[in-house]
Structures are given as C-alpha cells and as structure tokens.
K.L.:
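Got a structure here, written out as structure tokens. Questions coming.
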Amino acid sequence: MSNQFQHYQEIPRLADAHPKLSHIRYQYGTAGFRTLGSVLDSVLFRVGILAGLRSKKLDGKTIGVMVTASHNPEDDNGVKLVDPRGEMLEASWEAHASTLANAATTSDLIEAIEAIVRFAKIDLSKPARVVYGRDTRPSGPALVASLRDGLAAIRAEPRDAGIVTTPILHYLVRTINTKGTKDTYGDDSEEGYYEKLSGAFKRLVAGKQPLPPLIVDCANGVGADAISKISPQLGDSLKLIPHNTATSTPGALNNLCGADYVKTLQKLPPSLANHLKIGQRGCSFDGDADRLMYFYIDERNQFRMLDGDKIAALVAGFVVDLIKTAGLESDVKVGVVQTAYANGSSTKYLAERLPVRCVPTGVKHLHHAAERFDIGVYFEANGHGTVLFSTGTQETLAHHEPSTPAQSTALNHLLNLTQLINQSVGDAISDMLLVEVVLAHRLYSGLEWDSLYVDLPNRLVKVIVEDRHAFQTEDAERQLVSPKGLQGKIDDLVRRYDGGRSFVRPSGTEDVVRVYAEAAIKSQADELAFRVAGLVYDEAGGDPSSRPKEFL
Ligand code: 16G
Ligand code: MG
C-alpha cells in the first residue's frame, strides 16, 4: 500500500477474512447489490470501505448503509448506500461500488481503493462516519458483521441503527447530518421519527371523525416492529390492526403477503381473507416498508386494489386543493411524476388537473424529477413514492400571512404535511398516514377513493431472453430503439386494440425483459401483452420450439 494508507494497515488482513467468491459478478443496480444472502460476505466488507470513502469525500458527513432485499424471498439479501441528505447514492459512485465488489483478490481490492481515492480526490485524513441498519432477514447479522469489518478497516466511526425500516435509516441519515443546522429535519433517533410522524398526523386529523380501523399487512417483515412502536403514539387518532407480523418465523417474510404480492397478483393475501370485512380498508407493506398498496373488498365481494397511481391521484388532489385554499395558487406549482407503468387512466385524471412528467423506472429518476416542482408528488404504480416540498416552498409556507381563517387552516395543514411526509424517500408508514389524513378530510371510504377514476385493464409479462441488454429504450422507456424495427411492429399491433398501449423494457433487477400492455377490456390487455411478448421472444432469437405457447 502507498504511503497515504499508512493508517489503514488492517485492510489486507480483514480483506483476506472476506474473500470474494471467484465465480460471481456483482453489480450495484437500482436497488444496490441484491442477490442470495449467502454470497454477499465480501460485498458487505467492501461496501463498508466504500461508505467510509464516501464519507471522507463529503468531509465526514454521515453516510447510510441499509442491509435489505426488500420484497425478495427470505434467502436473498442486499445492501445499498444512502447519501447525506437521505437520498440514494450519487449515480457516479455506483460504478465505484461495482468495481470494489468485483476486485478478485486482496491486492486487486487495494489497487481499486487507491484508484478511487485518486480519481475522486479523496482526502484520507478526513473523518468518516457511517450509520447502518438491517431488515429482519436471518442472514442480516452476519452481513452486518462483515460490514463492520469494512468500516473498521477504513477507520470509519460506526453507528448501529439496529433493525429498522429502510425509510427510517434514510431519516436517520438526514437528521444526523442536519442536526443543529437551520435545515434540521428532526431528532436523530428512531423515537424521534415516530414522534415526528405521529405528532403531525394527530394535528392533521384533530377534530375529524376517526376513521374505522385499518388492517396492515406487514409482510412478516420489519414494518411489523415499526407498526408496534408507532401505534401507541397514534392512540385513538388511528387504530391499526397489524397482520403478518411473524418476523422470526423461518420462510414467512414476503411469503404470500406484502405489497409486491398484492400488486403482482392483484389479489388479497390469503392470510387476510377472514379478517378484511366488506368495505374495510387494508394495506400492505413490502419487506423493508418502503412500498405501500391499499385495497378493500367491494359490495360484490370483489378485491379492489388501490395502488401507487391511486395514491398519487388522492394525494395530489388534496395538496392542490390546500394550496388553492391557502391562497398560494400563483406562488406554488404542484406537479406529479410517474413512470410508463402508470395506468393510462391515472395519467389522464392527473394531467387534466396538473402537470405530469413521465421518467424511467427507479426511485432516483422520480425523485430527481419531483425536485424540479415546487411541490412534487411522485409514485410508481408499485407503491414507491412520496411528496417533496422544495426549500423555496417551505420558506413560502413559513412566511405566508393568511388573510382568512380558511387560508390559515389550509396553511397549517400544509405545514403539518411537510412534517408528516418522509421527504428523504418513499416510506410505507408515512405514506399510509398521509392517505389516512386525506381520507379523513375528504370523508372517503375505499370505494369513494377508488372512484376517482377507473383503471384500464392491464397485464405485465416477463420474457427470458439471452441478452436483455440488447433491448434499449428512450422517451422514458416508452420507445424501443434497439433491436431495430421492433418498435414499429409493436406500434402496428397496439393500433389494433381499443385503448391499447404497450411498452417493452429490460428489467434493472432481474435477467428478463418486461412487457406491459393495457387495453379497454381485460382479455384484450392480456392478448396484447402476450402478442408483444411473442414479438420480443422472436426478436431475441429464442428457439421457436421453446416459444411459450401463451405468446400466441
Ligand atoms: C427497483 C426500484 C424500483 C423499481 C424496480 C423496477 C428503487 C429503490 N427500487 O426495485 O423503484 O420499480 O426496481 O424493477 O429504485 P425492474 O427494473 O426489475 O422492473
Ligand atoms: Mg422495498
């Protein structure tokens, strides 16, 4: 090691204790590193080092590390880094993460570290601080131990947040870094998070008729802990009935429950079948509680899903009305950000009321686009999302002088919303409380909320191809530019379906190509999806004899 590393003599010994598995290539993707928990030991060690370097680069600001695999099966695990304001790791550092993770030997690793230090001009004499947390997966403790070795090797000061939801870890990063400044975001503790959210919630629903109890499917994950801690603080203002709280039952995590189950299968988790009464609201979190799905059973005993698009419509409408009532319509512009997966009906509903932007899949794209609005509401259909208030807007709200009691009330609601909403990242608990606030103000049941617009029937299909990277898109993933000519064929097909829309994109998390289609009636949406999937399959050079027969 070169001279400047004289204080880091422990790196080689500790790196030797966490050797890389030679047959695996790791990639820091949209959700960080994510794969089987059993092959992540070396990755966690190296992420510890990278988090330390990132903190040094940012003058000792605290960096977050979250050990989770979200909605994936229990055997998977993963890790992602959180930048100082609680946002995702800056994109240019994703490549550094992949480089470190793939260094074959200890000496390659040291070389890679030295190269990053040179390239990013890191002053190694700066301090490093890292806060880390994990979800409830059985592989978590060992992976955290490897991470701690990495932190020790780079001499970063560690802070253990324990078992927390992903959004709480983001909250901690932001509160630690803004402590004692004018941008202070709250108390830098888990209790501070519960107090901030529950306090704002209670102020927002004060004087409103309490809503009937809400069933919460915690996916047998870390959301269960969070619900048990926030419930007493909410008291009578909101009664939560937690289900799927078996965090220590092997195999239970995300199994037949959770937000991904609900969204993908458009079905009620079987465990709720005898509990959710007709008309009652229920919601599902994913395994790390950063995604939210709502649902209810209608009068005809049909399951009705209220997804991220419905949440966006509900919340954006409420915020726009408050801005108008507060007399701030000309000062504060509200906008919505969606992806191509947003149901066509939701886009139509929203675009008739306010500006709507479409961006590529992945939270970071939505988050950045939402930052451009004074108030940016962003949700993916799958239930990731939040609302961002720009610094200018927060100042406008703080200094606005209302001229009528109605203006004053609306202004107070807006100020409380800035406290209720987790602006660092989408947060199932904060989003759930936000939905409950709007329902209480609007006097809506699930049915009335659902009636804002009627979803177009849709279908999602995945196609296994040899090389998904051959599929490249533009226009926020709505157009394929490669393979050449395929988009034209898709367009020809789509034209034949009433209300038809379809797009094809390579997954960022799985080795597949995804096909989405919607149409005026369900059978047509299914048919369109399978026909487009057939085109994709043929184009990707799949063997015709193994062509799935549902691809028509
Ligand atoms: C990741 C993204 C999520 C996106 C999903 C798409 C984050 C934190 N998560 O889970 O936003 O919807 O990937 O998966 O950005 P896909 O590329 O496999 O369709
Ligand atoms: Mg998640």
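Ligands are counted one by one from 1 in listed order, and the atoms in each one are counted from 1 as well. As a basis for the values below, the full set of heavy atoms in this structure was taken, side chains included, without hydrogen atoms, waters or symmetry mates. Numbering starts at 1 and runs along the sequence shown.
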K.L.:
Test your reading of the structure: does Ala31 have an N or O sitting under 3.5 Å from an N or O of ligand 1?
P.N.:
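It does not: no N or O of Ala31 is found under 3.5 Å from an N or O of ligand 1.
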K.L.:
If you measure from CG on Leu253 to CZ on Arg137, what distance do you get to the nearest 0.5 Å?
P.N.:
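One gets 4.5 Å once the value is rounded to the nearest 0.5 Å.
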K.L.:
Measure Thr361 to ligand 1 on non-hydrogen atoms and call it side chain, backbone, both or neither using the 4.0 Å cut-off.
P.N.:
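Contact part for Thr361 vs ligand 1: side chain (C-beta onward).
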K.L.:
Over 60° means perpendicular and under 30° means parallel, so tell me whether Tyr185 and Tyr171 are parallel, tilted or perpendicular.
P.N.:
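Tyr185 and Tyr171: tilted rings.
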K.L.:
If you measure every N/O of Lys364 against every N/O of ligand 1, is any gap under 3.5 Å?
P.N.:
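No; every N/O pair is 3.5 Å or more apart.
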K.L.:
Which ligand 1 atoms are under 4.0 Å away from a heavy-atom of Arg514?
P.N.:
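Every atom of ligand 1 under 4.0 Å from some heavy atom of Arg514: 16 (P), 18 (O), 19 (O).
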K.L.:
Could you tell me the residue and atom name of the protein heavy atom closest to atom 7 (C) of ligand 1, and the distance to it rounded to 0.1 Å?
P.N.:
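Heavy-atom neighbour on the protein nearest atom 7 (C) of ligand 1: Val363 CG2, 3.6 Å.
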K.L.:
Ion pair present between Asp511 and Lys462, side-chain N to carboxylate O less than 4.0 angstrom?
P.N.:
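No, no charged N to carboxylate O under 4.0 Å.
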K.L.:
Closest approach of Val461 and Ala533, non-hydrogen atoms and distance?
P.N.:
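Heavy-atom minimum between the residues: CG1-CB, 4.0 Å.
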K.L.:
Run the numbers for me: atoms of ligand 1, each under 4.0 Å from some heavy atom of Arg505, listed by number.
P.N.:
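Going through ligand 1 atom by atom, the ones under 4.0 Å from Arg505 are 16 (P), 17 (O), 19 (O).
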K.L.:
Does Glu380 reach ligand 1 with a nitrogen or oxygen that is under 3.5 Å from one of the ligand's nitrogen or oxygen atoms?
P.N.:
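Min N/O separation from ligand 1 is below 3.5 Å for Glu380.
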K.L.:
State whether the shortest distance between N or O atoms of Glu510 and N or O atoms of ligand 1 falls below 3.5 angstrom.
P.N.:
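So ligand 1 has no N or O lying under 3.5 Å from an N or O of Glu510.
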K.L.:
Pick whichever of Gly508, Ser70, Gly362 has a heavy atom sitting closest to atom 17 (O) of ligand 1.
P.N.:
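Nearest heavy atom to atom 17 (O) of ligand 1 lies in Gly508.
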K.L.:
Between Arg459 and Tyr516, is any side-chain donor less than 3.5 angstrom from a side-chain acceptor?
P.N.:
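No.
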K.L.:
Please confirm whether the backbone N or O of Leu420 pairs with a side-chain atom of Ser430, one donor and one acceptor, at under 3.5 Å?
P.N.:
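Checked: pair present.
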K.L.:
Check Asp288 and report its N/O/S atom nearest to the Mg ion (ligand 2), by atom name.
P.N.:
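Per the distance ranking, Asp288 contributes OD1 as its closest N/O/S atom to the Mg ion (ligand 2).
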K.L.:
Examine Thr509 against ligand 1 and note whether any of their N/O atoms are separated by less than 3.5 Å.
P.N.:
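Yes.
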K.L.:
Looking at Asp290, which of its N, O or S atoms is the nearest one to the Mg ion (ligand 2)?
P.N.:
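Considering only N, O and S atoms, Asp290 comes nearest to the Mg ion (ligand 2) through OD1.
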K.L.:
What are the atoms of ligand 1, with element, lying closer than 4.0 Å to any heavy atom of Met88?
P.N.:
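Heavy-atom distances to Met88 below 4.0 Å select 8 (C).
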K.L.:
Is a donor on one side and an acceptor on the other found under 3.5 Å between the side chain of His368 and the backbone of Lys364?
P.N.:
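Answer holds: yes.
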K.L.:
Just to be sure I read this right, does ligand 1 sit under 4.0 Å from the backbone of Asn382, its side chain, both, or neither, counting only heavy atoms?
P.N.:
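Side chain only; the backbone of Asn382 stays clear of ligand 1.
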K.L.:
Between the side chains of Asn177 and Arg85, is a donor N or O closer than 3.5 angstrom to an acceptor N or O?
P.N.:
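No, Arg85 and Asn177 have no side-chain donor paired with an acceptor closer than 3.5 Å.
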K.L.:
Could you tell me whether any N, O or S atom belonging to Ser70 is less than 2.8 Å from the Mg ion (ligand 2)?
P.N.:
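So Ser70 counts as coordinating the Mg ion (ligand 2), yes.
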K.L.:
Run the numbers for me: atoms of ligand 1, each under 4.0 Å from some heavy atom of His384, listed by number.
P.N.:
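Counting atoms of ligand 1 from 1, those under 4.0 Å from His384 are 3 (C), 9 (N), 11 (O).
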K.L.:
Please confirm whether the backbone N or O of Tyr28 pairs with a side-chain atom of Ser98, one donor and one acceptor, at under 3.5 Å?
P.N.:
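Checking the backbone N and O of Tyr28 against the side chain of Ser98, a donor-acceptor pair under 3.5 Å is found.
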K.L.:
Does His71, backbone or side chain, put an N or O under 3.5 Å from an N or O of ligand 1?
P.N.:
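No; the residue has no nitrogen or oxygen that sits under 3.5 Å from a nitrogen or oxygen of the ligand.
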K.L.:
Which atoms form the tightest heavy-atom contact between Gly223 and Phe285, and what is the distance?
P.N.:
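That would be CA-CD1, 4.0 Å.
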K.L.:
Can you tell me which N/O/S atom of Asp286 has the shortest distance to the Mg ion (ligand 2)?
P.N.:
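This residue's closest N, O or S atom turns out to be OD2.
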K.L.:
Taking Asp135 for the side chain and Val222 for the main chain, is one N or O donor matched with an acceptor at less than 3.5 Å?
P.N.:
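A pair under 3.5 Å: no.
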